[in-house]
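Just so it is clear: chains get the letters A, B, ... in the order the sequence lines come, proteins before strands, and each one is counted from 1. In this text, all values refer to a predicted model and were calculated from it rather than measured experimentally.
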Amino acid sequence: MGEAIVRARYQTTPRLGRLLRVVPVILLLAACSGSGPQTALEPEGPIARDIDGVWDLVLMLATFVFVLVMGLLVWAMWRYRERPGDETEPKQLHGSSVIEVGGVVFSVVLLAFISVPTVRGLLDIRAVPEGDDVLHIQVTGHQWWWEFEYVDETAADGRTLITANELHIPEDVPVYLTMTSADVIHSFWVPVLNGKRDVVPGRVTNLTLIADNPTPPDEPIPGQCAEFCGLAHADMRIKVHVHDAAGYAAWVDEQLLPSEQPAPETALDAGWQTFNTLCTACHQVTLEDVEGEVTTHGPERYITSDDIEFRSSFGPNLTHLFSRDTFGSGTFTLDADHLAEWIDNPESLKPMWADRNDLANGRVLGMPDLGLSSAQIEEVVDLLETWR
Amino acid sequence: MTAQVQTIRSPGDRGVWAWITTVDHKRIGLLYAVSAAAFFFIGGLEALLVRTQLLGPNLEVLSAEAYNQLFTMHGLTMVFLVVMPIAAAFTNYFLPILIGARDVAFPRLNAFSYWLFIFSGLLIYSSFFLGGAPDGAWVGYAPLSTQLTEVVRMDFWTIGLSTLGISSIAASANFIATAFTMRAPGMTMLRMPVFAWMSLVVAFLLIFSLPSVAIGLFQLFLDRNFGALFYAADAGGDPLLWQHLFWIFGHPEVYVLVLPAMGIVSEVLPTFARKPLFGYPFVVFSGAAIGFIGFGVWSHHMFTSGMGPIAEAGFGVATMIIAVPTGVKIFNWIGTIWGGKIKFNTPMLFSLAFVAMFVIGGLSGVTHAVVPSDTQQHDTYYVVAHFHYVLFGGAVFGYVSGVYYWFPKWTGRKLNETLGKIHFWLALIGFNLTFGPMHVLGLNGMPRRTYRYPEGLGWANWNAVATIGAYTILVAFLVFAWNIVRTHYLNKGERVGNDPWDGRTLEWTIPSPPPVHNFDETPIVHSLDDFWHQKYAENEEGRAVRMPAVTGAADDQGDIGRADHGTPEGIHMPSPSYYPALASLGIAITGGGLVYLPWGFAAIGVGVVVMLWGLFGWSLEPVTKEH
Amino acid sequence: MSDVAVTDLDHTEHADHHDVKPVRKTAMWVFLGSECVFFGAMISTFLLYRNTTNGGPGSEIFDIPFTSASSFVLLMSSLTMVLAHNAFEKSDMRQTRIWLSGTALLGATFLAGQIFEFTEFIDKGLTLPRSPFGSSFYMLTGFHGMHVALGVILLAAMAVLSLSGRLYDDRGLNVELVGLYWHFVDIVWIVIFTVVYLLQI
Amino acid sequence: MTTDTEELVEAPAEHDADHIKHPTPKQYWLIALILAVITAFEIAVPSISAFDGWLRVFLLFFLGGVKFAMVVALFMHLKFDKPLYRAFFIIGLVGAIAMFVVVLLTFRAI
Ligand code: HEA
Ligand code: HEA
Ligand code: CUA
Ligand SMILES: [Cu+2]
């Protein structure tokens with residue numbers, strides 16, 4: 001389906017009107033709805049294809065059993081229904097060891113048949129990819145967004161590349177994710193590339209993604225957190241952009257550059273002053289000031305699981321915010337108006353519990369309403385728009 | 001002790017007080033049944049709200065906060081306050097009768113189990129009015145469930161489930177003792193009806209699985225309220241421990257939910273096919289095997305959590321093995337109706353639908369056991385489809401079949417067949433409309449426990465179908481409720497005798513409703529399906545032939561509703577007692593106090609005193625009081 | 001299945017009549033089976049966290065001689081319990097009372113020792129919220145201690161009841177059942193002493 | 001024919017008890033003595049360096065197991081009582097051990 005899926009802009013829906021509008025068209029549409037871009041049934045990478053192959057086999061066997069059992073059941077119901085006028089009683093059969101043994105053998109054979117691809121497929125998808133071209137990315141799950149640290153991509157000053165919610169990967173290259181969580185359990189899931197893998201605090205889990213083809217820039221692959229993680233679990237989405245090798249390299253180069261810190265007394269400086277007093281409590285930005293000095297503002301936070309250090313902060317890194325298409329963990333289209341609405345009252349867009357934040361103990365449950373005036377909001381948005 | 005005590009145990013048989021103090025397993029069974037029906041209505045309404053919110057993309061019928069509470073409470077309610085109690089209702093009412101006993105082994109413990117169940121249910125539900133209901137899903141994964149300690153929601157869940165667990169352990173010990181010590185003469189283990197067997201297996205499952213989750217819940221409680229660190233990852237706690245402790249209980253639990261329904265089906269199919277259950281010993285042993293293997297597969301709920309491939313492969317294969325004994329049951333049920341003379345009465349329709357729907361749910365279960373594809377299916381609507389097929393199309397259909405089947409025994413009146421068939425077809429169609437599409441939704445990537453979804457992922461239409469299906473189910477069950485009201489309360493139902501279905505087992509030998517002491521004379525059992533063999537012999541061809549009239553046969557209309565019929569002197573039954581209710585009230589008050597620590601300590605004090613008063617009064621009072 | 005049945009009726013009827021079992025003991029043993037899982041869950045939690053001290057104190061603070069002494073006390077209370085039961089079966093109420101009280105006393109001594117041990121550990125910095133090790137240690141031993149306390153209450157209650165001759169063997173509160181419970185609490189401690197204390201040093 | 005569920009069913013137990021030969025008080029004292037000796041040995045085990053390593057673990061488990069079995073079999077009369085009780089208890093015990101060993105294995109904690 002060629003709709004602009006990812007762009008689905010958040011909208012308030014009139015309750016009853018929408019309810020009623022939907023009802024009549026449903027059955028009709030249901031019949032012809034496609035499988036959608038987040039489906040596990042149309043894989044776009046070798047791992048997901050393997051899984052799909054196992055699934056196809058199992059589905060076939062299950063269908064066979066289903067047809068067989070239902071056939072017997074329905075046939076028996078039809079054939080042996082009570083007919084009017086028939087006075088004879090049925091034969092009192094008590095059982096038959098042959099049938100019992102037959103049933104057991106039948107099931108065991110089928111299951112043996114299923115368990116082979118199960119175990120083989122399992123070992124395949126859990127295998128650690130090897131080779132020089134493997135791209136390592138560290139993933140930190142947060143309530144309710146994703147943070148990606150490209151540990152293989154470093155700037156001249158040693159900074160690793162950090163971005164949020166939108167993952168960019170090269171085509172045909174095994175991307176090995178090393179994942180942990182900053183708070184509760186999440187699950188990283190991009191169905192067309194691989195199955196899901198839980199992201200567990202205090203533990204490290206891994207997942208390999210391999211994508212066949214580059215995606216059009218406005219049609220990234222959607223994915224979503226798949227483990228219930230509290231209030232906004234539904235809005236913890238992922239977008240994966242797949243590039244060809246050159247496109248990926250270009251993206252990396254661009255992301256590694258700092259953005260610009262406005263010079264004092266310029267039009268954008270007001271926004272920066274606000275940003276630097278309020279927003280940097282949670283968000284990191286790497287900026288170059290007029291003197292050419294590169295500084296990373298905002299909290300530095302490290303999460304260590306299983307002796308692996310994950311660089312992180314309390315909110316998404318905003319250095320190249322406007323290079324992204326979405327915000328709010330892939331939930332809302334990114335544009336100035338929308339962003340202003342968000343800064344004005346974040347919880348009007350996405351359910352969060354910012355009033356329960358406890359930064360000192362590392363607990364972040366959403367972006368607080370900072371109480372900015374609309375003028376201040378406009379200044380901040382103007383500033384953010386320059387960070388591309 | 002007086003020898004003259006009549007079977008009437010209480011000062012009066014009517015009024016609320018008689019119900020509160022009752023220790024009669026039949027009355028307690030009815031209490032369970034009515035409570036379960038009420039909770040079914042509530043849990044169903046919660047599901048309807050959930051479905052309404054999901055009718056279309058980005059709807060705002062419910063806030064995320066409300067949605068999370070509702071689906072959590074829906075799962076919790078359906079599992080712990082609907083299906084377990086309805087199973088307890090049937091077990092209470094029929095286990096003693098089916099084995100020819102006059103009551104369960106510990107009538108007062110039985111009352112205690114019921115009261116503790118209902119108080120726990122009320123405690124959990126009071127959360128809606130006291131700061132919000134639990135919202136961490138019915139599985140309450142740590143550390144999400146230990147995260148917000150300033151909000152008591154999940155405390156209601158830890159405490160409520162714990163007290164429900166105590167209730168179930170007590171009930172299970174009771175049923176085990178009953179089945180092992182109270183059987184009538186001649187009622188050997190392998191002459192017990194399958195339903196009695198399945199109740200026994202379920203009791204064992206609970207006894208050996210509940211402690212695991214109880215400890216887990218206790219740990220969560222300590223983490224939340226006393227700063228313990230069992231699940232605090234930054235201090236070295238491991239969240240996966242909770243998943244193990246939960247699923248060691250949780251998986252056997254799903255068989256707890258379905259095995260009694262399988263027992264009912266194994267009673268209904270032979271009755272309406274007029275043939276004995278095909279392969280009785282195999283059905284019994286496969287039930288036991290399901291229970292046994294069920295303890296070795298818990299980690300199939302954790303295939304994506306990072307246990308490592310060896311554990312995953314082991315648990316995957318172990319899980320598949322369960323399909324073997326389950327298949328044995330399915331084949332034997334088909335064998336039972338094969339060659340029979342099938343009467344399609346409502347109980348039979350529901351039982352046949354059980355078999356069909358359960359096969360669908362079971363097969364999707366096997367696809368979950370295939371680890372690679374489960375990494376795509378886990379926590380999607382595909383799983384939601386799986387477990388509703390086994391739980392609703394399976395368990396609930398089985399229990400509904402049991403209600404239609406045994407309603408005449410409870411009340412002396414049959415439920416209306418026409419309404420029953422309307423109920424059946426609406427339920428079957430609505431059920432498949434609701435949960436069939438969820439398979440597609442899940443495979444197309446829709447995660448469960450999400451309060452909204454965007455447009456453009458191809459989910460809207462199937463969701464709308466599912467919602468329409470859910471409302472169809474509502475209509476179906478309103479018809480059912482009306483049928484019950486009409487038959488019983490408006491006295492419009494057809495009166496029937498002791499044995500309306502030409503039944504096979506002991507309950508059909510006694511009046512409807514049965515007298516307090518069940519059997520005027522303790523029956524002596526000669527065979528499996530004893531009552532059938534009193535009525536029918538087999539000719540050379542192996543066909544059943546009716547023998548000359550026997551007592552208690554189908555057309556005996558004489559003694560409906562007369563509980564005092566034929567009561568010989570001197571059958572004394574345990575006296576009513578309010579101590580069990582008191583003790584469980586004490587526990588519930590204590591639980592309520594624990595939710596609201598630290599000032600809840602006052603309530604705890606009161607609760608403990610009430611509980612001890614109840615317990616000591618109970619253990620010291622004689623079983624049969626003098627009048 | 002008339003074939004199976006009628007033929008051996010006499011046999012089974014007779015057999016079954018004999019088979020009427022003491023219901024309470026049946027339930028009690030089922031319950032004890034269930035308790036195995038309770039303690040199994042806690043012991044494995046402890047084993048999982050036995051080295052997770054989060055920088056706090058660990059098993060090195062255990063005072064083995066002291067705990068050995070209190071373990072011994074609990075072990076011997078099993079002897080007095082079985083003697084109480086023995087006396088009760090011979091309807092010797094005086095002896096029963098003496099041994100019951102003795103058992104309760106030994107139990108109380110054990111509890112006092114445990115409380116002392118806890119205060120020592122808390123002084124040394126091991127508390128429930130200190131580390132997963134502390135959490136699981138206190139939960140396991142505390143849960144066991146609660147079992148002991150309940151046992152002491154039951155034993156004391158029975159000793160008192162026996163004064164007025166109201167000790168029946170057909171009530172929930174009877175010497176044999178409480179005895180089973182008490183011995184079980186003792187064997188759990190045998191395991192805890194081995195796994196938590198002796199194995200960790 | 002009377003049936004009082006809680007009361008009368010219990011009655012035949014006394015007949016049962018007659019058939020069963022429980023140990024005498026003297027034997028109980030002897031058992032306790034053995035238990036005490038084992039305990040003393042147990043306490044000594046950790047301080048005997050010859051037992052370091054696996055042998056020590058094995059010894060401690062073995063001695064604890066012997067004590068456990070003696071109390072269950074003799075003090076709790078499981079050895080003389082109905083096989084049914086033995087089944088209940090052993091299912092719980094063995095089941096718990098098996099399940100939790102698997103749990104600990106998945107954590108690589110043993
Ligand atoms: C009554 C309840 C019930 C029952 C009976 C079952 C039965 C089974 N379940 Fe299900 N299950 C649940 C309730 C139930 N389940 C619930 C509630 C959840 C979700 C919990 C949550 O996360 O909230 C769940 C989740 C669940 C999962 C985890 C999925 C996930 O989250 O990723 C798995 C994985 O293996 C699974 C497997 C099975 C299997 C193999 C069976 C088997 O017992 C089925 C066996 C039956 C058959 C196979 C059909 C008949 C057999 C034949 C006709 C013989 C021939 C067949 C073959 C040879 C294949 N179930
Ligand atoms: C036995 C168990 C059971 C039953 C019967 C049902 C019944 C239904 N369930 Fe569900 N459900 C669960 C157990 C059950 N459920 C569990 C365990 C979960 C997981 C929770 C979690 O994730 O934590 C879940 C989750 C769940 C979800 C997923 C929510 C999410 O993940 O976001 C959905 C969504 O559609 C759903 C829908 C429904 C619907 C529409 C019904 C309908 O079939 C309900 C229809 C019933 C009625 C409409 C009531 C009618 C009753 C009367 C009128 C009174 C009748 C009177 C008498 C009986 C006398 N359920
Ligand atoms: Cu993160 Cu769900
Ligand atoms: Cu399961």
Side-chain angles (χ1 to χ4, degrees), chain B residues 105-106 109 169 172-174 176-178 180-188 190-191 203-204 207-216 218-219 222-223 226-230 232 235-238 241 245 248 276 280 524-530 533 537-538 615-616 618-623, chain C residues 1-6 8-9 12-17 19-31 33-42 44-45 48-49 51-55 127-136 138-139 143 153-154 157 161 166 168 170-174:
Chain B
F106 305 104
L109 186 66
I169 287 188
S172 304
N174 203 346
I176 291 173
T178 307
F180 278 108
T181 63
M182 308 282 292
R183 279 171 284 128
M187 178 61 78
T188 56
L190 280 181
R191 288 178 192 166
F204 275 111
I207 275 279
F208 293 124
S209 68
L210 273 167
S212 178
V213 76
I215 292 306
F218 197 38
Q219 293 172 345
L222 291 177
D223 270 18
F226 292 95
L229 299 169
F230 292 104
D238 197 325
L241 176 63
L245 293 179
I248 282 179
Y280 165 87
I524 294 173
V525 179
H526 304 77
S527 68
L528 179 66
D529 288 340
D530 194 58
H533 293 297
E538 279 172 32
L615 289 178
F616 271 97
W618 164 6
S619 54
L620 294 176
E621 84 178 332
V623 177
Chain C
M1 236 190 220
S2 44
D3 40 282
V4 187
V6 188
D8 55 3
L9 170 66
T12 47
E13 222 186 297
H14 192 71
D16 254 35
H17 227 67
D19 225 28
V20 184
K21 300 169 192 92
V23 280
R24 288 201 175 77
K25 239 160 105 185
T26 309
M28 189 59 169
W29 275 108
V30 170
F31 175 68
S34 178
E35 286 267 52
C36 291
V37 186
F38 269 104
F39 282 99
M42 279 184 293
S44 32
T45 303
L48 179 63
Y49 293 143
N51 297 323
T52 316
T53 50
N54 198 24
T127 56
L128 186 85
R130 181 63 192 87
S131 61
F133 173 81
S135 302
S136 47
Y138 282 111
M139 183 179 179
F143 202 81
I153 293 174
L154 295 176
L161 283 173
R166 289 198 293 156
Y168 309 104
D170 60 350
R171 300 282 155 87
L173 192 63
N174 81 39

pair C/V30-B/F180: side-chain heavy atoms closer than 4.5 Å
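No, side chains not in contact.
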
Are any of the side-chain heavy atoms of B/F218 and C/M42 separated by less than 4.5 Å?
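Sidechains of C/M42 and B/F218: no contact.
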
What distance separates B/I207 CD1 from C/C36 SG, expressed to the nearest 0.5 Å?
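Interatomic distance, B/I207 CD1 to C/C36 SG, rounded to 0.5 Å: 11.5 Å.
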
Tell me which of these, [options], has more heavy-atom pairs under 4.5 Å with chain C than the rest.
options	value
B/L210, B/I176, B/D223, B/L241	B/L241
B/A177, B/A203, B/A235	B/A235
B/N174, B/I248, B/D238	B/D238

Contacting moiety of [X], where chain B heavy atoms sit under 4.5 Å:
X	answer
C/F143	side chain
C/L48	side chain
C/Y49	side chain

Taking C/S135 for the side chain and B/L229 for the main chain, is one N or O donor matched with an acceptor at less than 3.5 Å?
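At least one qualifying donor-acceptor pair exists.
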
Nearest atoms (heavy-atom pairs only) where [X] meets [Y]:
X	Y	result
B/A214	C/F38	CB-CE2, 3.7 Å
C/A157	B/F616	CB-CE2, 4.0 Å
C/P132	B/G237	CG-N, 3.8 Å
C/A41	B/S212	CB-CA, 4.4 Å
C/A27	B/F106	CB-CE1, 3.5 Å

Give the member of C/T52, C/L128, C/L161, C/T53 that has the highest number of heavy-atom pairs under 4.5 Å with chain B.
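Ranked by contacts with chain B, first place is C/L128.
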
Region of B/L245 in contact with chain C, defined by heavy-atom distances below 4.5 Å:
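For B/L245, side-chain heavy atoms alone lie under 4.5 Å from chain C.
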
